[in-house]
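Structure, as structure tokens:
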Amino acid sequence: MEKLTVAQARQVESVGKQVQLRGWVRTRRDSKGGFSFLELNDGSSFGNIQVIAEAVLPNYESEIKHLTAGCSISVTGEVRQSPAKGQATELQAKEIAVIGRADAETYPLQKKQHSFEFLRTIAHLRPRTNTFGAVTRVRNSVSRSIHDFFQEQGFLYINTPIITSSDCEGAGQMFRVTTLDPANPPRKEGAVDYEQDFFAKPTYLTVSGQLEGEVFASALGKIYTFGPTFRAENSNTTRHLAEFWMVEPEMAFFDLNDNMDLAEAFLKRIFTDVLSRCPEDMQFFKERIDATVIETLENIIKSQFVRLPYTEAVDILQKSGQKFEFPVAWGNDLQAEHERYLAEQKFKCPVILHDYPATLKPFYMRLNDDGKTVRAMDVLVPRVGEIIGGSQREERLDILEQRMRLQKLEPASYWWYLDLRRYGTVPHAGFGLGLERTVQFITGMTNIRDVIAFPRTPGSAEF
RNA sequence: UCCCCGAUAGCUCAAUGGUAGAGCGAGCGGCUGUUAACCGCUAGGUUCUAGGUUCGAGUCCUAGUCGGGGAGCCA
């Protein structure tokens, strides 16, 4: 007996095959003719397969008539062309074995739409919903494209440490990692004595693999990391997580323009792949979540991203005639409302803002000849905002040290990072792409907590 | 962290300070291949928690908890 996935059984090529399918019942419809339709899903595709269960099956009255959403079953039978509209094929059951029941009185998922807020409270069951199944397949497609894209271009996939001792990577609050007893830590002159901690120094969860990525780019040329990242910021928004996944390519001998070219090609590849690999899922997002998602991706793939120096952006915003809550002035960070105006109203496509004032950006970004701006870039997309942040890195030792002191950082504690500039320094660049924000943008899902399996946010780490 | 909003049946919501309801879901029954199936009946409530005002509180007040949206931080 050939075991097929639901996705395979839904293909017309499977008609005539005797097969076994295993999965979870989505719904049961009893027909007037004294038999039942079961909608079976196993996650292999968005759509279910319709199983025809005739009353002659020995367990029809005892078991099949009591199947409800959530029950797991194994069905053997013949794949047939469906006589009715709605599906190409269906499975004529010869035998249905109930593997696991799901008491309809207590099973939280019903044959109806649930709010995303409610589904978050049952994160262990929400992968069984249409939406979360579709999100999961899209997320997988994105991850696969990330590897495919970089591998095909000769990048090496490297794994940078999750636990770090750099206490100031520059990207905000960090989670401390310790084995000390919080109720009674060892002390030395009043302060906690971290020399007695596991690593004999304070350690944290990484906020970025960039600095380590630069180490490998400075030896192997083109590399990328792809892993979890942690920020202990008390951020309560639809775009922030305390634990999220980030892709960080780093390339030797790349300047900012090369970096922008790469980021643009990278995003276009991800979008192209998802449209071709997940058409059914994307159609669902279009119909139920955001009518514009497919069109938006198609337009982006065709068009060129707008590349706009910060200084020009300020000019455009000041002359826009728009009323902004926060005033626009050179040297100020652009607010969400400004970025949104540029991406959603002015250009209606991804915008790469670059060459920001040095005072707004971290020490490692390369200083321009004007002495006022750095070779930074942010890729902004409509609705989600910043999806990529990156820069050309400062490869000149003296300027890098100057910039560190200016930002009150101690060069000595970055001795290994500075060694890259002392020995065989080269111009290089890189960026970070937020995986969840990318999935958000593709799917139209409004809350980032609904595009990751088990979201970690302030006050919430259930499951 | 700041601002705003909310919490009532399993879910989504309604209820002028005066007997807590509907739709969906579930159970049972009906129905010539259904597909958000349809029709009928039934069951289902500590109105988030603790105080307070009132003859009387789901409704008003105070505090708290949790959730949502926006802002900041950023991916």
Side-chain angles (χ1 to χ4, degrees), chain A residues 26-40 47-54 65-66 68-70 80 82-87 90 92 102-122 130 169-173 207-210 226-248 263 287-288 325-326 333-337 339-340 360-362 378-381 384-390 431-441 446-452 457-460 462:
Chain A
R26 283 293 175 80
T27 172
R28 188 193 83 239
R29 292 183 295 272
D30 298 328
S31 140
K32 304 171 212 174
F35 59 97
S36 298
F37 299 97
L38 302 173
E39 292 283 341
L40 187 68
N48 312 315
I49 191 160
Q50 176 165 279
V51 177
I52 313 301
E54 306 266 13
K65 285 269 278 188
H66 298 98
T68 50
R80 293 187 179 171
S82 182
K85 284 186 179 174
Q87 59 280 319
E90 61 188 27
Q92 182 72 33
D103 181 7
E105 292 282 354
T106 55
Y107 186 62
L109 286 174
Q110 302 170 356
K111 194 169 62 180
K112 59 171 289 195
Q113 281 191 16
H114 288 288
S115 67
F116 293 127
E117 290 89 338
F118 171 67
L119 292 176
R120 268 171 233 150
T121 68
I122 50 167
N130 282 337
E169 289 182 21
Q173 289 292 111
V207 293
S208 164
Q210 181 198 318
F226 183 17
T229 307
F230 307 88
R231 304 274 166 91
E233 298 288 351
N234 192 6
S235 296
N236 295 287
T237 78
T238 54
R239 306 178 301 284
H240 288 87
L241 292 166
E243 176 183 294
F244 63 99
W245 284 66
M246 186 155 68
V247 187
E248 295 181 284
E287 284 169 12
R288 294 297 177 90
E325 191 185 341
F326 297 94
D333 236 335
L334 295 181
Q335 304 290 316
E337 57 175 343
E339 297 183 347
R340 211 174 294 130
L360 299 178
K361 294 294 184 180
D378 284 356
V379 180
L380 311 176
V381 294
V384 175
E386 186 180 342
I387 199 171
I388 281 179
F431 61 81
L433 170 84
L435 178 67
E436 286 75 17
R437 286 189 183 175
T438 306
V439 176
Q440 252 190 300
F441 176 67
T446 53
N447 196 313
I448 199 166
R449 291 160 213 175
D450 300 324
V451 297
I452 188 168
T457 52
S460 175
E462 189 69 55

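For clarity, every value in this text was computed on a predicted model and none was experimentally measured. Reckoned from all heavy atoms, side chains included, excluding hydrogens, waters and symmetry mates.
- For U59(B) and U53(B), the C1' atoms lie 13 Å apart once the distance is rounded to whole Å.
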### Summary
Its dot-bracket string being built from Watson-Crick and G-U pairs below 3.5 Å, with | for another strand and [ ] for crossing, RNA chain B has the pattern (((((((..((((....[..)))).(((((.......))))).....(((((..]....))))))))))))....
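- Partners of F230(A) according to the ring pair (Phe, Tyr, Trp, His ring centres under 6.0 Å) rule, which considers only residues two or more places apart in sequence or in another chain, do not exist here.
- Between G64(B) and G21(B), the two P atoms lie 34 Å apart (nearest whole Å).
- Side-chain contact between I388(A) and L433(A): present, with at least one pair of heavy atoms (C-beta onward) separated by less than 4.5 Å.
- Separating the C1' atom of A36(B) from that of G25(B) is a span of 13 Å, rounded to the nearest Å.
- Applying the salt bridge (charged side-chain N to carboxylate O under 4.0 Å, His left out) criterion to E386(A), with sequence neighbours excluded, gives no partner residue.
- Spacing of P atoms, A15(B) relative to U54(B), comes out at 27 Å, to the nearest Å.
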#### Entry: Protein proximity profile, nucleotides 34-49 of chain B - base contact B, sugar-phosphate-only contact S, no contact -, cut-off 4.0 Å on heavy atoms
BB-B------------
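- R340(A) comes within contact range of the sugar-phosphate backbone alone, with a heavy-atom separation under 4.0 Å but no base atom that close.
- Judged as a salt bridge (charged side-chain N to carboxylate O under 4.0 Å, His left out), and not counting sequence neighbours, the contacts of R28(A) are D30(A).
- Between N447(A) and the phosphate of G69(B), there is a side-chain N or O to OP1/OP2 separation shorter than 4.0 Å.
- Stacking of F35(A) onto the six-membered ring of G33(B) is not present when judged by under 5.5 angstrom between centres and under 30° between planes.
- Partners of Q87(A) by side-chain hydrogen bond (donor to acceptor under 3.5 Å, both in side chains), not counting sequence neighbours, listed by chain and number: S82(A).
- A donor N or O paired with an acceptor N or O is found under 3.5 Å between the base of C73(B) and the side-chain atoms of S235(A).
- Legend: residues meeting side-chain hydrogen bond (donor to acceptor under 3.5 Å, both in side chains) with E287(A), ordered by chain and number and at least two apart, are Q283(A).
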### Task
Could you encode protein contacts along nucleotides 9-14 of chain B as a string, one character per nucleotide from 5' to 3', using B for base contact, S for sugar-phosphate-only contact and - for no contact, with a heavy-atom cut-off of under 4.0 Å?
-BBS--
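- Between T68(A) and E54(A), the residue whose closest nucleotide on RNA chain B is further toward the 5' end is T68(A).
- In terms of position on RNA chain B, the residue among E337(A) and L109(A) whose nearest nucleotide sits closer to the 5' end is L109(A).
- Here the separation of U42(B) from A22(B), taken at their P atoms, is 11 Å to the nearest Å.
- Of the candidates A71(B), C74(B), G68(B), the closest approach to any side-chain atom of A336(A) belongs to A71(B).
- Under the salt bridge (charged side-chain N to carboxylate O under 4.0 Å, His left out) criterion, E436(A) pairs with R139(A), not counting sequence neighbours.
- For E243(A), there are no side-chain hydrogen bond (donor to acceptor under 3.5 Å, both in side chains) partners, not counting sequence neighbours.
- Under the rule for a ring pair (Phe, Tyr, Trp, His ring centres under 6.0 Å), H66(A) has no partner lying at least two apart in sequence or in another chain.
- With sequence neighbours excluded, no residue satisfies side-chain hydrogen bond (donor to acceptor under 3.5 Å, both in side chains) with S31(A).
- For E386(A), counting side-chain heavy atoms from C-beta on, the closest listed nucleotide (A71(B), U1(B), A75(B)) is A75(B).
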